[in-house]
Amino acid sequence: MKNIDSRSHVRGESIYVNDIPVREDTLFGVVLGSPVAHGKLKKVDFSEALKMAGVEAVITASDIPGENQIGSIIQDEELFADREVHFVGMPVALVCARSEALARKALAAIRVEIEELRPILTAREAHAEKKFICPSRTFRIGDSDSMWKKCAQVVEGQAEMGGQEHVYLETQGAYAYMLEDGAVKVHSSTQATKYVQVGVARVLGIPMHKIEVDVNRIGGGFGGKEDQATPWGAMAALAAYTLRKPVKLILSRADDFTMTGKRHPYSFDFKLGLDQDLKILCYQVEAFQNAGAAADVSPAVMERTLFHGTGSYHVPNATITCHSCRTHLPPNTAMRGFGAPQAMFAFEAAIMKAAATLNVPPMEIQRKNLLQEGDRFPYDQLAANCNAGTCWDTAYKKFAVEKLKKEVADFNKKNSRFKKGLSLFPLCFGISFTKTSLNQGRSLVHIYTDGSVSITTGVVEMGQGVNTKILQAAAKTLSIAPRRFTIHSTNTTRIANPSPTAASSGADLNGKATIMACEALRARLQGVACRELKAQDPAQIEIRDEIIYLKGKATALTWERLVALTDESRVPLSEHAHYATPVIYFDKTVEKGHPFAYHVYGTAVTAVTVDCLRGTYEIDLVKAVHDFGSSMNLDIDIGQAEGALMQGIGLMTIEELLIDPKGKHIYNNLASYKIPDIYFAPKEVEIVPLDSHPDALALLGSKAVGEPPLMYGIGSYFAILMAMREFNPKMKLQLWAPLTHQKCLLSLYDDYGDLLK
Ligand code: MTE
Ligand code: HPA
Ligand code: MOS
């Protein structure tokens with residue numbers, strides 16, 4: 001089935017926050033951000049700004065009737081800086097004017113006095129100064145300490161990985177206005193209606209039922225709108241509440257870039273031990289997460305780093321430690337993969353180092369150590385329906401890796417300026433929020449008397465096609481045509497307390513709730529049909545393709561007639577259902593449990609060509625065998641895999657966030673921060689579904705797909721590195737993603753030695 005949004009998208013008719021018709025008296029907000037990364041806020045003088053035509057107010061911390069606090073996991077984040085600023089772009093004030101242009105003009109007239117303090121910018125620096133967001137955690141399996149001496153080879157090293165900007169097409173924003181009796185409505189571009197509702201309630205000091213948050217859809221979130229849509233919703237609501245006028249606040253791309261957090265940069269110290277046969281005996285890693293200036297969801301991201309510390313491999317002895325370090329950058333936040341890509345990169349980096357040291361192909365070490373059925377993860381869960389080896393072997397055969405290897409070797413023999421590299425990357429990603437309590441979905445289904453159906457769930461459509469999947473699940477359960485359904489906006493008055501749309505679990509959790517609601521309605525309809533058709537048992541009734549069957553035979557009773565009859569019989573045609581993932585649990589006191597509903601596996605093959613004169617590279621191909629379970633919509637799922645792959649390639653190659661010594665992002669626009677475009681895309685992309693076990697905890701057996709394929713991008717890093725080493729075998733092995741063209745060029749000629757003579 002086609003994505004139900006495709007028609008309105010291509011016609012430009014899809015509605016986002018900025019498309020909502022505004023009331024005539026609407027004011028437009030522009031945020032004043034701190035110009036310095038760390039300092040004491042001495043004075044904010046906005047008297048000149050207030051004198052300007054069309055400027056109605058400058059809102060600051062002192063206007064907040066409730067709490068100046070929007071921290072979710074830890075209460076450490078002010079909505080507006082009060083006494084101190086903690087990052088460049090930290091909101092200090094909101095200017096409200098009759099147009100955005102006027103507000104921006106007024107912004108320039110505000111004078112801010114700040115006494116600058118020294119900023120901490122890297123995780124390692126923060127760690128040295130013991131600046132942490134939360135206590136550090138360690139996952140342990142076996143006893144790595146006692147194993148090192150039993151290893152034939154031990155390698156140690158460091159790896160660094162940069163952050164990543166979300167680059168959702170629709171920037172952050174909200175439109176807020178008063179309803180009657182002190183209630184506020186907020187249209188927000190958020191992945192988490194509840195979080196915006198909670199944030200607004202705290203800032204305004206009013207109960208949650210007075211706040212209605214509505215999301216029709218968002219123009220991408222990629223995790224950036226899980227926790228970080230809240231400040232803009234809260235600011236718009238605060239201004240609307242204070243001024244009693246509608247307020248719209250949409251961030252410009254530059255402001256969004258400067259003020260919002262990104263994927264967490266990480267630093268790693270790793271140590272890997274192998275036996276004679278290249279079997280991994282032990283692994284130890286210390287991960288330093290650069291959390292930025294406030295907790296945001298960093299403790300949860302850190303948790304996923306711990307869960308994915310050993311990647312797709314079986315490691316009998318492992319010690320994985322992670323520190324969440326407080327720095328003076330915008331609070332880093334959720335982004336597709338949520339701490340897992342960094343952990344997997346570190347593990348692959350360790351394998352690369354071992355391979356380089358032992359002079360064996362990394363693939364040999366990788367294949368020998370893949371997870372097998374029944375292997376234990378460091379957090380105690382066992383690998384079940386484990387497809388790590390199957391994906392690897394299928395990819396190896398299907399994509400003729402032996403032949404590719406030979407082609408690459410031949411090419412490299414014949415060419416001196418251009419070199420090719422090849423890599424395989426095995427994926428294993430756990431599905432479920434790592435925090436067990438978040439694994440709940442909700443759905444409200446109304447059947448109207450004409451037989452049409454309305455569905456509201458807790459999930460937010462952000463381009464991932466989840467509403468299409470919800471519709472498919474409902475249409476299948478009720479056995480009626482897709483045209484009968486509308487999936488309505490995500491709204492806190494229709495669905496209360498939803499989990500954020502995140503952790504790739506949106507479809508599983510809310511789709512399952514939808515099936516439950518539809519099953520309950522179906523049972524009631526069967527009951528009515530049973531009476532109408534004078535059958536003995538509702539079990540003899542079946543609804544199939546809008547016709548009512550009795551004991552397997554079609555009757556004259558249709559869907560529409562049965563629905564009308566049900567209403568006439570005073571049987572309710574509405575149902576609200578709640579789904580909670582069974583089985584999962586986790587005990588943080590021992591760091592053991594069964595946190596994931598299931599795992600998603602896959603293997604990507606990547607080939608690249610490096611121009612060793614210029615340090616540039618092209619990605620020749622990425623081919624992956626991916627475990628979709630039994631996909632309910634391959635069009636959407638392949639689209640998700642391809643999109644995630646591109647985002648992952650960007651992360652590992654050209655997307656670089658540079659920060660100046662004072663903590664300011666050097667790039668704040670898409671002319672300087674380069675994301676992959678069509679010219680940079682691999683010349684060939686092929687995603688082959690592995691027809692795997694349709695997991696019972698996945699929606700209709702169709703496994704979660706939103707995040708896992710992003711990690712295939714890691715393969716591009718190592719393919720480029722392999723090509724570079726062909727050119728300069730003496731090159732220092734630098735494990736520092738992203739491997740930009742610039743870094744590539746500099747490394748190629750590092751320790752060039754004899755070759756230059
Ligand atoms: N796809 C699009 N087009 N836009 C997005 O913002 N977000 C990703 C993924 N795919 C995203 C996307 C992220 S980070 C997650 S967690 C999942 O979608 C969330 O949706 P799901 O749970 O319905 O898969
Ligand atoms: N993944 C993504 N988002 C989250 C998670 C998670 O495990 N936990 C809380 N938010
Ligand atoms: Mo996705 S990072 O879990 O929103």
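Only heavy atoms go into these numbers, but all of them, side chains included; no hydrogens, no water, no symmetry mates. Order of appearance sets the numbers: ligands from 1, and atoms from 1 within every ligand.
Counting the atoms of ligand 3 from 1 in the order shown, those under 4.0 Å from a heavy atom of Ala502 are 3 (O), 4 (O). The ligand atoms of ligand 1 that sit less than 4.0 angstrom from a heavy atom of Gly463 are 2 (C), 3 (N). If you number the atoms of ligand 1 from 1 as listed, the ones under 4.0 Å from a heavy atom of Ala507 come out as 23 (O). Under a 4.0 Å criterion applied to the non-hydrogen atoms of Val466, ligand 1 contributes the atoms 23 (O). Within ligand 2, counting atoms from 1 as listed, the ones closer than 4.0 Å to a heavy atom of Leu438 are 9 (C). Proximity to Gly223 (heavy-atom distance under 4.0 Å) selects the following atoms of ligand 3: 2 (S), 4 (O). For ligand 1, the atoms sitting less than 4.0 Å from at least one non-hydrogen atom of Ala503 are 16 (S), numbered in the order shown with element in parentheses. In the vicinity of Ala502, heavy-atom distances shorter than 4.0 Å reach the ligand 2 atoms 3 (N). Atoms of ligand 3 found under 4.0 Å from any heavy atom of Arg336, numbered from 1 in the order shown, are 2 (S). Of all the atoms in ligand 1, the ones that sit under 4.0 Å from a non-hydrogen atom of Gly220 are 6 (O). Within the listing of ligand 1, atoms 16 (S) sit less than 4.0 angstrom from a heavy atom of Ala502. Within the listing of ligand 3, atoms 2 (S) sit less than 4.0 angstrom from a heavy atom of Met335.
Annotation: atom 8 (C) of ligand 1 to nearest protein heavy atom, Arg336 NE, 3.7 Å. What sits closest to atom 1 (Mo) of ligand 3 on the protein, heavy atoms only, is Glu707 OE2, 3.7 Å. If you check which protein heavy atom lies closest to atom 4 (O) of ligand 3, you get Gln191 NE2, 2.9 Å. Scanning the protein for heavy atoms near atom 22 (O) of ligand 1, the closest one is Gly506 N, 2.7 Å. Nearest protein neighbour of atom 17 (C) of ligand 1, counting heavy atoms only, is Gly706 CA, 4.1 Å. In terms of protein heavy-atom proximity, atom 6 (C) of ligand 2 is nearest to Phe338 CE2, 3.4 Å. In terms of protein heavy atoms, atom 10 (N) of ligand 2 is closest to Glu226 OE2, 2.5 Å.
Within the model, atoms SG of Cys325 and NE2 of His264 stand 10.5 Å from one another, a figure rounded to the nearest 0.5 Å. Within the model, atoms CZ of Phe222 and NE2 of His166 stand 9.5 Å from one another, a figure rounded to the nearest 0.5 Å.
Between Arg217 and Glu461, none of the side-chain N atoms (NZ, or NE/NH1/NH2) sits under 4.0 Å from a carboxylate O, so this pair counts as no salt bridge. Taking the charged nitrogens against the carboxylate oxygens, Glu707 and Arg336 have no contact shorter than 4.0 Å, which rules out a salt bridge. By the 4.0 Å N-to-carboxylate-O rule, Arg140 lies too far from Glu591 to be salt-bridged with it. A salt bridge links Asp627 with Lys703: the closest approach of a Lys/Arg side-chain nitrogen to an acidic carboxylate oxygen falls below 4.0 angstrom.
Thr514 places no side-chain N or O within 3.5 Å of a backbone atom of Ser443 that could act as its donor or acceptor partner. Side chain of Asn332 to backbone of Asn290: a donor-acceptor contact under 3.5 angstrom is found. With Ser631 contributing its side chain and Asn633 its backbone, the two residues share a donor-acceptor pair below 3.5 Å. Between the side chain of Glu160 and the backbone N or O of Gly162, no donor-acceptor pair lies under 3.5 Å.
Remark: the Asp587 side chain and the Thr589 side chain contain an N/O donor-acceptor pair separated by less than 3.5 Å.
Below 3.5 Å of separation, one finds no N or O of Val459 facing any N or O of ligand 1. Of the polar atoms of Ser504, none of the N or O atoms is found under 3.5 Å from an N or O of ligand 3, judged by distance alone. Polar contact with ligand 1: present for Phe222 (N/O pair, distance under 3.5 Å). At least one N or O atom of Ala503 sits closer than 3.5 Å to an N or O atom of ligand 3. At a 3.5 angstrom cut-off on N or O pairs, Glu707 does not count as close to ligand 2.
Within 6.0 Å of CZ on Arg7 lie no more than 12 heavy atoms contributed by other residues, nucleotides or ligands. Residue-environment remark: NZ (Lys592) exceeds the threshold of 12 foreign heavy atoms within 6.0 Å.
Neither the backbone nor the side chain of Ala334 comes within contact range of ligand 1; no heavy atom lies under 4.0 Å. At a heavy-atom distance under 4.0 Å, atoms from both the backbone and the side chain of Phe433 approach ligand 2. When heavy-atom distances to ligand 2 are checked against a 4.0 Å cut-off, Ala503 comes that close through both its backbone and its side chain. At a 4.0 Å heavy-atom cut-off, ligand 1 touches Glu707 through the side chain alone. Contacts between Ala704 and ligand 1 below 4.0 angstrom, taking non-hydrogen atoms only, are absent altogether. Contacts of Arg304 with ligand 2, taken as heavy-atom pairs under 4.0 Å, involve the side chain alone.
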Just do the salt bridge (Lys or Arg N to Asp or Glu O under 4.0 Å) check on Glu170 and Lys225 with the steps written out, would you? CA-CA 11 Å; Glu170 181 201 20; Lys225 296 171 182 170; 3.5 Å; yes

Salt bridge (Lys or Arg N to Asp or Glu O under 4.0 Å) between Asp508 and Lys512: does it pass, once the steps are laid out? CA-CA 6 Å; Asp508 279 2; Lys512 291 233 176 210; over 6 Å; no

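A centroid separation of 6.0 Å or more is found between the aromatic rings of Tyr598 and His693. Checked against the 6.0 Å centroid criterion, the rings of Phe139 and Phe307 qualify as a close aromatic pair. Aromatic pair Phe345/Phe268: centroids not less than 6.0 angstrom apart.
The closest approach between any non-hydrogen atom of Lys435 and ligand 2 is not below 4.0 Å. Residue contacts with ligand 1: Gly221 is included, with a non-hydrogen atom under 4.0 Å away.
The aromatic rings of Tyr673 and Phe257 lie perpendicular to each other, with more than 60° between the two planes, well past the 30° mark.
Taking each of Gln640, Met462, Gln464, Lys225 in turn, the one with a heavy atom nearest to atom 21 (P) of ligand 1 proves to be Gln464. Of the candidates Gly639, Ser499, Gly223, Ser504, it is Ser504 that places a heavy atom closest to atom 16 (S) of ligand 1.
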